[in-house]
A.B. asks: 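Have a look at this one before I ask anything.
This one's a predicted model, so the numbers in the text were calculated from it and none came from an experiment.
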Amino acid sequence: MARRRKLYEGKAKVLYEGPEPGTLIQYFKDDATAFNNQKKGIITGKGVLNNRISEFLMTRLSEIGVPTHFMRRLNMREQLVREVEIIPIEIVVRNVAAGSLAERFGIEEGTVLPRSIIEYYYKSDELGSPMVTEEHITAFGWAATQDLDDMVSLALRVNDFLNGLFLGVGVRLVDFKLEFGRLYNEHDEIQIVVADEISPDNCRLWDIRTNEKMDKDRFRKDLGAVEEAYQEIARRLGVLPEAGPMDLKGPQAMQ
């Protein structure tokens, strides 16, 4: 097998040079981190499950006209994506008080918010991904006002769609994080697209009846049964790997 050139390795994924210009191969790892990389561990099979879950959600979003970088899944742990210029701003959409929002404002976790709240975070592990305002973003040149308008519009569309989709399988979408990239066409025209992944790694997902957490909070808070929670989300979405949980532990990423 030909050795591929590794371009970037993050906390949960590795990016390799793609087979064609303008493409990348995105490899999903089992590594898990929390609290800005202060807590680390392995969730067996997470990469396989997140690959399937993100493929399913990105495909469904494309079907309703939301542009994404996703092209197709290649195998159990890899997918082909379009190469984009990542915008260093993470958008968090919150529907229910949880995590840092509940802590910052002393709101009881689980309180349904009067409307969805959008927050911006500067994508920097070294700085702890601080919350920023639109003024910071435009003043420092991280994104233009039009970029932000497009990102917020897409984030709200994604929120509306995912809320309904998860509700249909008995899951509450508490909050989630989105990343975006600039996609350049042959005429150097720019389109803002959803990038990275959408999975239990960057969504808070609670069972609609019991409020049981079914996402990475189980790892953050040492609740146990982390693998089972990810498997249950995949099962409800109908995307469990054909080989089943027995084949979730994959090979190490190629160097």
A.B. asks: Between Arg72 and Glu78, is there a side-chain N and carboxylate O pair less than 4.0 Å apart?
C.D. replies: no

A.B. asks: Provide the closest heavy-atom pair for Glu197 versus Asn202 in the form atom of the first, atom of the second, distance.
C.D. replies: O-ND2, 2.8 Å

A.B. asks: Between Arg94 and Glu119, is there a side-chain N and carboxylate O pair less than 4.0 Å apart?
C.D. replies: yes

A.B. asks: Quick one: closest heavy-atom pair of Phe28 and Asn50, and the distance?
C.D. replies: CD2-CB, 3.8 Å

A.B. asks: Under a 3.5 Å cutoff, is there a donor and acceptor pairing between the side chains of Asn159 and Asn95?
C.D. replies: yes

A.B. asks: Please name the pair of heavy atoms, one in Gly45 and one in Asp30, separated by the smallest distance, quoted to 0.1 Å.
C.D. replies: N-OD2, 3.2 Å

A.B. asks: Look at Asp201 together with Lys46 and state whether they make a salt bridge at an N to O cut-off of under 4.0 Å.
C.D. replies: yes

A.B. asks: Could you walk me through whether Leu101 and Leu113 satisfy the side-chain contact (heavy atoms from CB on, under 4.5 Å) test, starting with their C-alpha distance in whole Å, then the side-chain angles of each, then the deciding distance to 0.1 Å, before giving a yes or no?
C.D. replies: CA-CA 11 Å; Leu101 181 76; Leu113 300 174; 3.8 Å; yes

A.B. asks: Just checking, any donor-acceptor pair under 3.5 angstrom between side chains of Glu90 and Tyr120?
C.D. replies: no

A.B. asks: Describe, in one word, how the ring planes of Phe140 and Trp142 are oriented to each other, choosing from parallel (under 30°), tilted (30 to 60°) and perpendicular (over 60°).
C.D. replies: tilted

A.B. asks: Report the residue from Arg236, Glu232, Arg172 that forms a side chain to side chain contact (heavy atoms under 4.5 Å, CB included) with Asp207.
C.D. replies: Arg236

A.B. asks: Please determine whether a side-chain nitrogen of the Lys or Arg among Arg4 and Glu17 lies less than 4.0 Å from a carboxylate oxygen of the Asp or Glu.
C.D. replies: no

A.B. asks: Rounded to the nearest 0.5 Å, how far apart are CG of Asp150 and CD1 of Ile87?
C.D. replies: 8.5 Å

A.B. asks: Carefully, step by step, assess Asp31 and Lys40 under the rule side-chain contact (heavy atoms from CB on, under 4.5 Å).
C.D. replies: CA-CA 7 Å; Asp31 298 51; Lys40 301 179 182 180; over 6 Å; no

A.B. asks: Are side-chain N/O atoms of Glu55 and Asn51 paired as donor and acceptor at under 3.5 Å?
C.D. replies: no

A.B. asks: Would you name the heavy atoms of Ile192 and Met151 that are closest together and state the gap between them?
C.D. replies: CG2-CG, 3.8 Å

A.B. asks: What closest approach, in Å, do Ile64 and Arg157 show between heavy atoms, and which atom pair accounts for it?
C.D. replies: O-NH2, 2.8 Å

A.B. asks: Closest heavy-atom contact between Ala97 and Ala102?
C.D. replies: C-CB, 4.3 Å

